[in-house]
Amino acid sequence: MKNKISVLIEKAVNSCVQQKLLGAVDLPYIEVEVPANHDHGDYASNVALILAAQAKQNPRKIAQIIQENLADPENIIARTQIAGPGFLNIFIKENIWQQTLQFIEEKKENFGRSFLGNGKKVQVEFVSANPTGPLHIGHARGAVVGDVITNLLTTVGYAVSKEYYINDAGNQMNNLGKSVLLRYRELLGEKIEFPETCYRGDYIKDIAADVIRKEGNVYFTLDEGKTISYFTGIAGQSILEEIKIDLRDFGVTFDEYFSEKELYKNNGVTKLLDKLQKQGFVYINEETQWAGTSGYGDEKDRVVVRKNGEPTYFAADIAYHQNKFSRGYEMIIDIWGADHHGYMPRLWAGIQALGHDKNELKIILVQLVNLLRGGVPVAMSTRSGEFVTLREVLEEVGKDAARYNFLMRRSDSHLDFDLEIAKKQSNENPVYYVQYAHARICSIMRMAQQEHGIVLPVYKDINPALLNEPEEMTLIKLMARYPEVIEGAAKSLEPHRITFYLNELASVFHSYYNKNKVISDNKELTAARLFLIKAISIVLENALKILGVNAPEKM
RNA sequence: GCGCCCAUGGCUCAGCUGGAUAGAGCGCCAGACUACGAAUCUGGAUGUCGCAAGUUCGAAUCUUGCUGGGCGCACCA
């Protein structure tokens with residue numbers, strides 16, 4: 001609808017120019033917005049204000065000229081008005097709004113889908129936590145944001161792949177193996193001092209105990225280096241399996257798990273660095289290889305190969321992103337914890353050196369979560385083993401409440417996550433507000449069918465003109481806007497817009513419900529209203545599905 | 001010291017990329033179930049959009065400076 005209006009205005013402006021009513025102007029694109037105030041119409045455009053500067057005419061005058069030349073071939077406009085400094089306000093006919101209900105019925109679960117992405121291949125990489133311990137609450141937010149961004153992009157027609165990058169080649173992993181070894185020896189009776197760098201969570205002990213159960217004490221005396229790499233392997237694998245299970249129960253799955261080790265096979269990283277060196281991006285200085293990232297806006301150049309000959313994480317990351325592009329993705333989205341923001345210019349420099357445009361890589365920063373219990377902060381530290389795991393959150397507050405809570409704010413703003421509130425089934429917890437609206441609709445429809453023997457109506461059997469209560473018009477307009485909300489959320493990669501939309505839709509519905517009876521003696525009206533609430537339930541389901549949150553029929 | 005992000009009612013946050021009278025939720029006060037689910041609804045109070053300039057028809061939104069907070073600034077990942 002919005003697009004339609006935009007096109008009509010554009011045509012009107014062009015027509016005015018042709019008729020020399022307006023001087024030649026170049027207009028970038030027509031802004032149409034939904035005004036906050038209903039008196040300002042269903043849509044409003046500021047074209048006249050934009051053109052005023054170019055045309056050097058009074059904006060209200062221009063608006064009037066456009067208004068007079070506004071063609072309406074489909075007969076959808078009820079009236080137009082010029083207001084304020086020169087806004088063109090447009091009111092759509094009620095019956096046109098009412099007809100959008102038919103569209104929702106036709107589309108059903110596809111209402112809101114579009115072809116905006118045109119099948120473009122996109123990859124979203126997220127979570128990507130080292131398999132050195134179970135996922136904690138901090139990872140959970142990134143997991144949900146990544147998952148929902150993927151759903152959003154899929155909904156608007158992108159071909160999206162979800163990937164988890166396993167950082168299994170660095171020091172951290174070595175520390176993991178060492179930690180298991182120390183626990184292993186401790187369990188076998190040795191007295192152990194744990195260094196700062198070691199992981200001390202109970203899960204380490206479990207893994208060590210498992211080794212003893214299966215293989216006994218054979219590693220007690222074996223060569224330490226070999227044992228550590230062996231322990232690193234089994235620990236990493238077992239932890240990764242746990243991570244996958246936790247994520248699955250959180251509703252998050254991946255299409256690919258990509259191991260950092262993969263990049264080093266066949267000297268992949270070295271070969272790439274050689275190539276970049278020939279290109280001049282990588283250079284050697286004092287036995288160290290550097291990448292000239294400062295040439296692309298980074299604050300200084302970065303080491304890619306250390307003095308000891310080992311490549312840095314960054315070197316592998318350039319190779320990783322080259323690998324991603326080589327798999328044919330036209331857009332790559334990385335989701336990071338906000339504490340990594342300083343790394344962005346470096347990586348952008350890297351992909352530009354690879355010959356890609358900076359905006360082919362979008363980086364979403366997810367702020368860290370402030371975990372509270374009843375208003376009191378909960379301290380966390382992976383190494384010491386003091387943390388609240390994703391698993392614990394799932395068990396305590398449930399998947400739906402957890403996911404919804406993580407989606408209520410923009411991802412780059414800090415989020416307080418209070419366990420006590422998140423598990424409360426009360427009005428402090430917005431997820432139930434939305435789910436309740438859905439359950440309520442289902443309940444009414446059940447009642448209509450079972451108690452009143454009503455067959456749920458289809459559009460052609462109802463008289464949509466009966467849906468003319470103010471709340472009904474508001475609901476219809478709100479639903480008609482849904483596809484635009486999805487597109488906007490997808491374009492800006494901002495999932496939180498959906499939760500705000502849902503909250504608004506649920507709110508208008510609840511209010512409507514309390515004021516008007518759906519089921520009444522008036523059969524025609526009952527049918528129309530049943531159809532209306534059915535449409536609402538479709539929109540609620542579609543939106544909740546994108547969020548990965550259930551739309552329960554009963555609660 | 002340098003860089004990035006943030007600052008909006010008592011609290012937690014939106015604000016559609018520059019629009020018209022700045023909005024929600026929570027909390028607080030007062031009300032609504034012999035009618036489809038009260039996990040709901042109705043009404044009420046609360047603002048120098050951190051401060052100061054600038055850009056223009058128009059600024060919470062863009063620019064600059066300042067104040068206050070978070071985070072980065074590795075041959076860690």
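In this text, all values refer to a predicted model and were calculated from it rather than measured experimentally. Chain A is the first sequence line, chain B the second, and so forth, proteins listed ahead of strands; every chain is numbered from 1.
Residue contacts for A:V34: at a heavy-atom cut-off of 4.0 Å it reaches a base atom on one of the strands shown. Residue contacts shown for A:M555 include a base, since a base heavy atom lies under 4.0 Å away. Across all strands shown, A:A83 has heavy atoms under 4.0 Å from base atoms, whether or not it also approaches the sugar-phosphate. A:T288 comes within 4.0 angstrom of a base, heavy atoms only. A:K300 comes within contact range of the sugar-phosphate backbone alone, with a heavy-atom separation under 4.0 Å but no base atom that close. Nucleic acid contact class of A:S520 (heavy atoms, under 4.0 Å, all strands): none. A:N429 comes within 4.0 angstrom of no nucleic acid atom, judged by non-hydrogen atoms across all strands. Note on A:Y513: a base of the nucleic acid sits closer than 4.0 angstrom, heavy atoms only. Residue contacts for A:P85: at a heavy-atom cut-off of 4.0 Å it reaches a base atom on one of the strands shown. At the heavy-atom level, A:A448 lies nowhere under 4.0 Å from the strands shown. Residue contacts for A:D521: at a heavy-atom cut-off of 4.0 Å it reaches no nucleic acid atom on any strand shown. Across all strands shown, A:N46 has heavy atoms under 4.0 Å from base atoms, whether or not it also approaches the sugar-phosphate. Contact annotation for A:Y432: base contact, defined as any heavy-atom pair under 4.0 Å involving a base atom. Residue contacts shown for A:A437 are absent, as no nucleic acid heavy atom lies under 4.0 Å away.
Judged by Watson-Crick or G-U wobble contacts below 3.5 Å, the nucleotide B:rG18 has no partner. With a cut-off of 3.5 Å on both pairing distances, the Watson-Crick or G-U wobble partner of B:rA30 is B:rU42. Pairing for B:rG23 goes to B:rC13, judged as Watson-Crick or G-U wobble with the two contacts each under 3.5 Å. Base pairing of B:rC73 is made with B:rG1, judged by Watson-Crick or G-U wobble geometry with both donor-acceptor distances under 3.5 Å. For B:rC62, the paired base is B:rG54 (Watson-Crick or G-U wobble, both distances below 3.5 Å). Across every strand in view, B:rG68 sits unpaired, with no contact that passes the Watson-Crick or G-U test at under 3.5 angstrom.
A salt bridge links A:R497 and A:E494; the closest N-O separation between the charged side-chain nitrogens and carboxylate oxygens is under 4.0 Å. Remark: A:K307 does not engage A:E287 in a salt bridge, criterion side-chain N to carboxylate O under 4.0 Å. Under 4.0 Å is where a charged nitrogen must lie from a carboxylate oxygen, and between A:D42 and A:K477 at least one such pair does. Between A:R409 and A:D416 there is no salt bridge, since no side-chain nitrogen of the basic residue lies less than 4.0 Å from a carboxylate oxygen of the acidic one. The residues A:E472 and A:R529 are annotated as salt-bridged, a charged nitrogen and a carboxylate oxygen being separated by less than 4.0 angstrom.
For B:rC41 and B:rC73, the P atoms lie 46 Å apart once the distance is rounded to whole Å. The same atom, C1', is picked in B:rG9 and in B:rG23; the two are 11 Å apart, to the nearest Å. B:rA59 and B:rA77 have their P atoms separated by 50 Å, given to the nearest Å. On the C1' atoms, B:rG31 is 13 Å away from B:rA38, given to the nearest whole Å. Nucleotides B:rU61 and B:rA22, compared at atom P, are 14 Å apart to the nearest Å. Here the separation of B:rU56 from B:rU17, taken at their P atoms, is 23 Å to the nearest Å. Distance noted for atom P between B:rA7 and B:rC62: 10 Å (whole Å). Rounded to whole Å, the separation between the C1' atoms of B:rA14 and B:rC6 comes to 15 Å.
Here the C1' atom of nucleotide B:rC41 and the CD atom of A:E471 are 11 Å apart, to the nearest Å. Rounded to an integer number of Å, the gap from CZ of A:R409 to C1' of B:rG25 is 9 Å. When rounded to the nearest whole Å, the span between CG of A:L415 and C1' of B:rG70 equals 15 Å. The separation between A:R346 atom CZ and B:rC4 atom P is 16 Å, rounded to whole Å. Atom P of nucleotide B:rG18 and atom CG of A:L51 are separated by 17 Å, given to the nearest angstrom. Between the P atom of B:rG18 and the CD1 atom of A:I50 lies a distance of 10 Å, rounded to the nearest Å. Look at CG on A:N37: it is 13 Å from C1' on B:rG19, rounded to the nearest Å. One can place CG of A:N522 at 15 Å from C1' of B:rC36, the figure rounded to the nearest angstrom.
Stacking is found between A:F87 and the pyrimidine-like six-membered ring of the B:rA20 base under the 5.5 Å centre-distance and 30° plane-angle cut-offs. Remark: ring of A:H340 overlaps the six-membered base ring of B:rA77 in a stacked fashion, centroids less than 5.5 Å apart, planes less than 30° apart. Taking a centre distance below 5.5 Å and an interplanar angle below 30 degrees as the stacking criterion, A:H341 does not stack against the six-membered base ring of B:rG72.
For B:rC33, the glycosidic angle deviates from 0 by 90° or less, giving a syn base. By the rule that a glycosidic angle within 90° of 0 means syn, B:rU21 does not qualify and counts as anti.
An OP1 or OP2 oxygen of B:rA77 is reached within less than 4.0 angstrom by no side-chain nitrogen or oxygen of A:Y313. For B:rA24, neither phosphate oxygen OP1 nor OP2 lies less than 4.0 angstrom from any side-chain nitrogen or oxygen of A:Y501. The side chain of A:R481 places no N or O atom within less than 4.0 Å of a non-bridging phosphate oxygen (OP1 or OP2) of B:rC16. The shortest distance between the side-chain N/O atoms of A:S413 and the OP1/OP2 oxygens of B:rA14 is below 4.0 Å. In terms of phosphate contacts, A:R60 brings no side-chain nitrogen or oxygen within less than 4.0 Å of OP1 or OP2 of B:rC57. Proximity of A:H438 to the phosphate of B:rU40: no side-chain N or O atom is located under 4.0 Å from OP1 or OP2.
Taking the six-membered ring where the residue is Trp, A:Y482 and A:Y501 present tilted rings, their angle falling between 30° and 60°. Ring pair A:Y320/A:F258 is tilted by interplanar angle, where 30° to 60° counts as tilted. Using bins of under 30°, 30° to 60° and over 60° for the plane-to-plane angle, the ring pair A:Y164/A:Y257 lands in the tilted bin. The aromatic rings of A:H136 and A:H139 sit tilted, their planes meeting at an angle between 30° and 60°.
Where A:D416 and A:N516 meet RNA chain B, the nucleotide closest to each residue was compared, and A:D416 sits on the side nearer the 5' end.
Of the candidates B:rA20, B:rG37, B:rC16, the closest approach to any side-chain atom of A:K554 belongs to B:rG37.
Here the two rings, on A:F126 and A:W336, have centers that are 6.0 Å apart or farther.
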